[in-house]
Structures are given as C-alpha cells and as structure tokens.
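Following: one structure in structure tokens, then a few remarks.
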Amino acid sequence: MTAAGDRVAEVVAELVRDVPDFPEPGVVFKDIAPLLADGVAFADVVTALARHGRGVGGRPTVDKVVGIEARGFILAAAVALKLGVGFVPVRKQGKLPGPTERESYALEYATAVVEMQSDALKPGDRVLLVDDVLATGGTIAATAALIGRCGGSVESVAVLIELTFLGGRARIGDLVLHSLVAVT
C-alpha cells in the first residue's frame, strides 16, 4: 500500500464508526457521516477512488461514474467531478422519472430493487461504479446488470470499504474491484 493508501486507511479507521444492530439486529452499519464531515478526509477518499477511473498519465478512462443510492451518490458525484465526467444515479424503485431499467437483489438483511433511467448511458459508455460498502455484493451485481442493459460497460468498481467476511467479491464475478479498506 502507498503512503496515500495508508493515509486513507487511517482516515477510514478513525472516522468511520460502527453502529451495531442497524438497520436490523445483528447488522453492524458502517457510518461514513463523520468522514464526509471532515473536508480533508473526504477529499482524500475522493482522490483515492478517482484513481480507479484514470489511466497512465492521469487521463480519465471512463465516460461516466455510476453511484448507488444513497451514500454511494455522495462519493460517486464527487468522483465524477474529480474526473471531469458525468454522474449517473442508481436509485431505489419508483424514485426516477421516465423509462427505467430495474433489477432486484438480495441485501445482507433484506431484498430490494434498484433502477436506472434507460437513457442514462450511451452505447459503449465506460463506467466506474462507485459505492461506499461492498457487503454481500448484491447491490453492485444488480447495478452492473443495469449498466449492461443500458448500453454501458463496467470498467471497474471502487468502494470505500469491503466487508470481506460477507463474500461480496465472489458475488460480483469478474468485475475489477478496488476497495480502499478491507475489513476481515
């Protein structure tokens, strides 16, 4: 890990707090609000995530950054600005106007449906998929399916935290995954 990577790991350890039994008993929620409230820490995390949408020489290798509701929006929108590319939201069912594509998936503690506007991507758009936490992988796998149906391709996935003990990496198949911090 680089010095910058070490800094991000330290920031996450210091500012992301565990909230036991939220939103369900037995689930430990990773609260990133304190990290987002710290301007320097937030900037460090955004810079680290944006690296995964850049190639040699620092030029963007993606056309869009897709973020998943709700905390993934915050990170992904900032990453899109950092890269100078567009941002596309993926939302819970019924929250987007116009024609949408939808995909259901299993969470660690429930099931859900996510949607993307059908015209959010142009055919061939290369996408960096950003979220806050990779847990069981259901949300990211569902979003990757939406991206494909809307004409894009996932170039890589970047998450703040990977909960390795939940096996999400296996669920997302051959998608290239970058996690800033892995929790075992």
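Heads up: numbering here begins at 1 and tracks the sequence.
- In this structure, the side chain of Glu69 does not engage the main chain of Pro89 through any donor-acceptor pair within 3.5 Å.
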Residue pair Asp44, Arg7: steps toward the side chain to side chain contact (heavy atoms under 4.5 Å, CB included) verdict: CA-CA 8 Å; Asp44 286 347; Arg7 165 82 178 123; 3.0 Å; yes

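- Closest non-hydrogen pair, Val46 versus Lys82, comes out as CG1-CB, 4.1 Å.
- With hydrogens and angles disregarded, no donor-acceptor distance shorter than 3.5 Å links the side chain of Asp131 to the backbone of Val159.
- Side-chain contact between Met116 and Leu121 is present, with at least one heavy-atom pair separated by less than 4.5 Å.
- From Leu160, atom CG reaches atom CZ of Arg71 across 8.5 Å, with rounding to the nearest 0.5 Å.
- One hydrophobic cluster holds both Val65 and Phe42 under the rule that ILVMFWY side chains link at heavy-atom gaps under 4.5 Å.
- Leu96 and Leu129 are members of different hydrophobic clusters when ILVMFWY side chains are connected at heavy-atom separations under 4.5 Å.
- Between atom CD1 of residue Ile68 and atom CG of residue Leu146 there is a gap of 9.0 Å, rounded to the nearest 0.5 Å.
- Taking a cutoff of 4.0 Å between a charged side-chain nitrogen and a carboxylate oxygen, Arg91 and Glu115 do not qualify as a salt bridge.
- Closest non-hydrogen pair, Phe22 versus Phe29, comes out as O-CB, 3.2 Å.
- The minimum heavy-atom distance between Tyr105 and Thr139, with the atom names listed, is CE1-OG1, 3.0 Å.
- The CG atom of Leu134 sits 10.0 Å away from the CG atom of Asp132 when rounded to the nearest 0.5 Å.
- Distance check, rounded to the nearest 0.5 Å: OG of Ser118 to CD of Glu101 gives 4.5 Å.
- Checking side-chain atoms of Thr136 against main-chain N and O of Gly168 turns up no donor-acceptor pair under 3.5 Å.
- The hydrophobic clustering, which links ILVMFWY residues whose side-chain heavy atoms are closer than 4.5 Å, places Leu49 and Val40 apart.
- By the criterion of side-chain heavy atoms lying less than 4.5 angstrom apart, applied directly or through intervening Ile, Leu, Val, Met, Phe, Trp or Tyr residues, Ile74 is grouped together with Ile32 in one hydrophobic cluster.
- For the pair Val85 and Lys64, the minimum side-chain heavy-atom distance is 4.5 Å or more.
- Residues Ala142 and Ser104 share a closest heavy-atom pair of CB-O, 4.4 Å.
- Residues Gly86 and Ala80 share a closest heavy-atom pair of O-CB, 3.8 Å.
- Here the side chains of Leu128 and Leu83 are in contact, with some heavy-atom distance below 4.5 Å.
- For Ala33, the side chain to side chain contact (heavy atoms under 4.5 Å, CB included) partners are Asp31, not counting sequence neighbours.
- By the rule that hydrophobic residues join a cluster once side-chain heavy atoms approach within less than 4.5 Å of another member, Val133 and Leu15 end up as members of one cluster.
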Please list every donor-acceptor pair under 3.5 Å in which a side-chain atom of residues 170-184 meets a protein atom from a residue at least two apart or in another chain.
from, atom 1, to, atom 2, distance (Å)
His178, ND1, His52, ND1, 3.3
Ser179, OG, Glu162, OE1, 3.0

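- Closest heavy-atom contact between Phe87 and Ala76: CE1-CB, 3.6 Å.
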